[in-house]
Every structure is written in C-alpha cells, then in structure tokens.
Amino acid sequence: MNRRDLLVIGAMALSGVLMALVFAPFEMTDAAWCALVPLLIASAYIRPNLAWRAGWFAGVLFWLITMYWLTRVTYFGWMLLCLYCALYFIPVVLVSSWWFRTYGVGRFLMNAAYMVVITATWVAFEYFRMTLFTGFPWNPLGAGLHANIAFLQHASWGGVYVLSGLLVWTNAAIALTILRYMKHHAKLGRKPHPELMMGMAMVVVAFVTGGRMARDVEIVGREMRIALVQTSIPQDQKWTFDTVDLIYERLRDLTAGAVTWTSPDLVVWPETAVPDDVRLSETSYDLVDALSRLGSPILVGSMDAAARPNQKPLYYNCSFLFDTNGVIIGAYEKRHLVLFGEYIPFHEHIRLITARTPIMESFSPGSTSTVFRLPGKNIPFSSLICFEDTLPYLARASVRNGARLLINQTNDAWFDPSAASRQHMVLSVIRTAENRVPMVRSANTGYTCSIDARGQVREILLDADGRHDGPGFRLVTVQVPPDHMPLTFYTRYGDVLAWACLPIGLLFWLAAIRANRTTRQSMVSTH
C-alpha cells in the first residue's frame, strides 16, 4: 500500500469519525454538512481495487462508534451488525470513484450531474439498509437535522430521505469545489464556483421554505393531558422474582401520585411494564383495575399469550387500554419484532442460536395498527412499541388509519446508560415531522417526553440532577390535531423520493462495478 492509499484510508477514517460526531452522545450536528467531504475527495484518488474496501472501512468505523452501546448486550452482535451496515457505504464510494475517473471535475454540467447521482445513490442505499431483511433504520444521515425545525419540516413530503439527500448534496458541492482547486488551481483563478453556489442555494431554499412550513403547522388542537410513567427498573432485574414487588410498588406509587395530583386524561406505562401477562395474571390485573378506578384510563404495556389447542401458545408484546372501570377497551399487538431480541428465526431447528440469545420463546407479530379512542375525549391515538417508532411505515400506517397522536411505549434499559436512548428519541422526532402529529414517549428508562407536531421536543422527565433515566412521572399537555386534518404528502404516498432514487443509484452502482471489473481484467492481462 503506497502513500496515496494511506492518505485515502485516512480521509475515509475522518469521514467515519465526522459522521459519528453527528449523533449522540456527541451531537455535533453541524458536522453533517461536511462529514462526507473527505470521503468524496478521497474517492477521486483511490485505486479501483481499493474503492470498496475504503468505503467499507469508513462505514465500519462510523457504526462501531455510534453503535457501541450494543456491547452492553453482545459484543459479537455489535461487530456483526456494524460490519453489515457498513456494506451500504460501498456503493457511494464505488460510484464516486468511477465517476471521477471517467469524467473528472473540469466540466460544470458533469459536476452537476455528479451531485444528482451521488445524492440519489446515497438515498437509495440508505433506503435499502432501512428496509431490507426487515430493515435497520438506525441513525440515517438526515437525522442529523432533527434539531433544526426549519429543515426538519421537509420530512413531511420526503421522509428522512429528503434530509439525508440535502446533506449529501451539500457535501458533494463542497467536495467538488475543493477538488477543482486541487486539480485545476492554475486555471481557476477567481472564477465563480457554480457547484458550491448550487449547494448553498439548495440549503437557503430549504431553510426559508421550511421556516414557512413550520409557521404554518397547526400546533393548537384538542388538548390532552397525559401522565407518562417511568419505572426505571434495570434490565438485569426486570424479570427476576426478587424485583416483582418493587415493580408493582413503583407502578402503584407513581400512578396513584400522578392521578391524585394531576388528574390526567390518560396514564401511559412503558413497554412490558408489568412482570407478567396482565390479562392472565390476577395480581397484575387487580393492580391495574384498582389504579384505573382512581379516575384516569391507563395504557398498559404487557406481554400476552394466546392459547392454541394441542400447540404452544402464541406470545405477543402488547398494549392494553383500561377504562376507569378496569375494563380492557382496546389492545394492540406489536407488529415489528426485534431480531434475536423478541424472535429467533428457525428457533425450533437452530438450538445453538437460541442458546446465545436473551429470550426463551419467540414472540409473534401483530397484523395491523390499532387506533384507540379515549373515553370521553374521543381522541384517536395509536401505540408504537419499543423500536417501532424507528420505522417510518408503521407510523404512517397508524396515521393513515386515523390516529392523530402517537404513543411510544419503550424499554431502553437493555442499553442504558448509553447514547442509545438519545439516538432512539431522535427517530421519534423524525416520525412526528413526517406525519405532523404529536408523540409522547413513556420509557422504562430512556427519554420520557412529549414532541409536538413540528418535531420539537417539549417536555422531558428529568430528576433533580438533570438525569433522564430515573423513576418518576411527568404530566404533559399535548395538542392533538382534528380527525379531518389534511395528511402530509409523506403520510399519503410514503417513500416515493427514495423509490425515485433507486433506479439511479442501482444503475450507476452497476456501471461502477462493471468498469472496475474491466479495469482489473486489463491490469491482469497487462501483467
């Protein structure tokens, strides 16, 4: 490996680190505007046979840093997942390297075309990562814009992919400008830089139009007062016999305090808040029955079991809505299960995999979203359990079915204390902006909070020391849009932007692969 190759690898590493700085725990979000610049510049100097390895290296470094919290559960799974997710960096580097070898950087029209192609390639393969093999939608590049309300509003028509596309477009503009100086400095002089102006123009337009969209979002609606309960039971104690009494005690004390002091319209418990199946457990059911009769309905996170004749029962991760008479008036079964966390593929036939996972039995997925109606208020809402709020299509389906409030019941104690819960909350922010409906989150540990319809975090449960992972409750006031509110373009049509990018990204990726193969064959024949 020569000196140039080492510089290329160093540039790839720099991009991997800069991208990691965008996300929690660092959240240096401004780095998103230039994080890909070293990678794109380096791709212009890289040898074809090194391109895929360099791109994969940048991706591996990014994922190892941002997903380090997974080591709290499994080092092997952390490594395997990071190596897999890094594969989606390779097409961008291959396409960029091939393009620069073929067209250079001296012609404006070809540079403009490059900006379109590389943006489409990134979006296409980010979409693949978020959907293929049940999808892994964690930390899309566009999530780096979650704190900027103006830019965030564009998610309402293009999802998180339009935010990722804006960042890649800008990175490409900066990279092209630098490359033109590096390759044609003597010829450029003080000439204008149209690529940079195109990049900056897109940023300005997106900011101005997004600011107008944010002002137009109706955040005054039907008022709903919700008490969000956070039990803060460590994961290694959650399912042990010794902590059952502690779980019941916290649920009882926190809920009774919330209802007595604040009289909320709804109390929300976290995912699997009770230590067994609330429908089948006399102890758990009696607890919920007694607490609901204090005057507020309760949305309970619980496991559930459905008996089958002569077969094992089916297990579900559920939400149950109890009215103030202790009666279950609605239920939702989680639709998207966590691989190796809630189900094991072929678990009956591959005992070795089963032995290395933290679950004894696989759950079964639900088939549809449930739209709950709050008694008296008649406000429609849906639950998204655990990581379901990271999946755009599940939130879309709930809103299309009539929900005007989303409730995330989760348990981030598997990974807390770590950056996982913060990264998770950021994806909830994206979902609210995509659909322009508010969301509240109740976590066992994590971020228990409310987010308005523009994607702005309003209220977070914090203790006296400013920590977000302790036990407590928080009363939040949510403005719920009317049932007849107009659906956003993204809610109605989904990932049309990503689908439009797919043929462009795939076409140029295949062209780059073919060109690299031809180059290698010619090098072999020469030697």
Side-chain angles (χ1 to χ4, degrees), residues 1 3-47 49-71 75 77-97 100 118-119 121-130 136-146 160 163-175 178-179 418-420 422-423 426 505 509 512:
M1 187 175 293
R3 181 182 177 185
R4 187 181 69 173
D5 291 340
L6 290 174
L7 289 173
V8 165
I9 294 298
M12 295 291 174
L14 179 58
S15 273
V17 171
L18 286 173
M19 282 192 62
L21 292 177
V22 173
F23 300 94
F26 315 103
E27 290 201 76
M28 298 169 59
T29 53
D30 287 342
W33 298 104
C34 62
L36 295 178
V37 171
L39 181 148
L40 298 178
I41 292 175
S43 70
Y45 295 92
I46 201 167
R47 289 183 291 142
N49 63 336
L50 192 62
W52 72 270
R53 282 176 284 180
W56 191 51
F57 171 69
V60 167
L61 191 58
F62 164 70
W63 286 109
L64 287 176
I65 296 172
T66 56
M67 294 285 292
Y68 186 74
W69 46 264
L70 194 56
T71 60
Y75 278 93
W78 168 62
M79 288 294 300
L80 193 63
L81 183 60
C82 292
L83 294 176
Y84 165 72
C85 289
L87 294 174
Y88 294 93
F89 275 63
I90 295 175
V92 173
V93 178
L94 284 177
V95 170
S96 184
S97 175
F100 288 138
I118 209 65
T119 299
T121 302
W122 181 279
V123 170
F125 284 90
E126 186 170 83
Y127 174 78
F128 279 139
R129 174 175 64 81
M130 293 175 64
F136 185 70
W138 212 262
N139 288 350
L141 182 61
L145 295 177
H146 76 275
V160 71
L163 306 180
S164 296
L166 174 63
L167 290 171
V168 177
W169 175 270
T170 308
N171 275 264
I174 297 172
I178 295 173
L179 280 169
S418 73
R422 179 70 180 183
Q423 294 174 7
V426 165
W509 177 52

With the side chain counted from C-beta on, respond yes when Phe57 and Ile9 share a heavy-atom pair under 4.5 Å apart, and no when they do not.
yes

Output the distance between atom CD1 (Ile65) and atom CE (Met19), rounded to the nearest 0.5 Å.
10.5 Å

Which salt bridge (charged side-chain N to carboxylate O under 4.0 Å, His left out) pairs, counting each pair once, include a residue from residues 11-23, with sequence neighbours left out?
none

Side chain to side chain contact (heavy atoms under 4.5 Å, CB included) partners for Tyr68, two or more places apart
Thr71, Tyr75, Trp78

Are the side chains of Trp52 and Leu87 in contact, using a 4.5 Å heavy-atom criterion?
no

For Asn171 and Ala35, which heavy atoms make the closest approach, and how far apart are they?
OD1-N, 3.1 Å

Using ring pair (Phe, Tyr, Trp, His ring centres under 6.0 Å) as the criterion, list what pairs up with Tyr84, not counting sequence neighbours.
Tyr88

Spatial distance of atom CE (Met67) from atom CG (Leu81) [nearest 0.5 Å]:
4.5 Å

Determine the minimum heavy-atom distance between Pro38 and Cys34, stating which atoms define it.
CD-O, 3.5 Å

Closest contact, heavy atoms only, Met130 versus Pro137
CG-CA, 3.6 Å

Looking only at heavy atoms, the pair that brings Ala44 and Phe100 closest together is CB-CD1, 3.5 Å

Below 4.5 Å, heavy atoms only, C-beta onward: do Leu36 and Val168 meet side chain to side chain?
yes

Shortest non-hydrogen separation from Phe23 to Pro140 and the atoms involved:
CZ-O, 3.4 Å

Can you check whether Met12 reaches Phe89 side chain to side chain, under 4.5 Å on heavy atoms?
no

Name the one of Thr121, Ile46, Ile118 that satisfies side chain to side chain contact (heavy atoms under 4.5 Å, CB included) with Ser96?
Ile118

Flag the pair Tyr45 / Leu7 as yes when at least one side-chain heavy-atom distance between them is below 4.5 Å, and no otherwise.
no

In short, Ala58 meets Leu39 closest at the heavy-atom pair CB-CD1, 4.0 Å

Give the ring-plane orientation class for Trp138 versus Phe136, where under 30° counts as parallel, over 60° as perpendicular and anything between as tilted.
parallel

Is there side-chain contact between Cys85 and Arg129, with at least one heavy-atom pair below 4.5 Å?
yes

Quick one: pull up CD in Gln423 and CD in Glu27 and give me the separation to the nearest 0.5 Å.
8.5 Å

Rounded distance [0.5 Å steps], CG in Leu61 versus OG in Ser15
10.0 Å

The reported gap from CG in Leu83 to CH2 in Trp63 (rounded to nearest 0.5 angstrom) is 12.5 Å

Evaluate the side-chain proximity of Trp122 to Val95: yes if any heavy-atom separation is below 4.5 Å, no if none is.
no

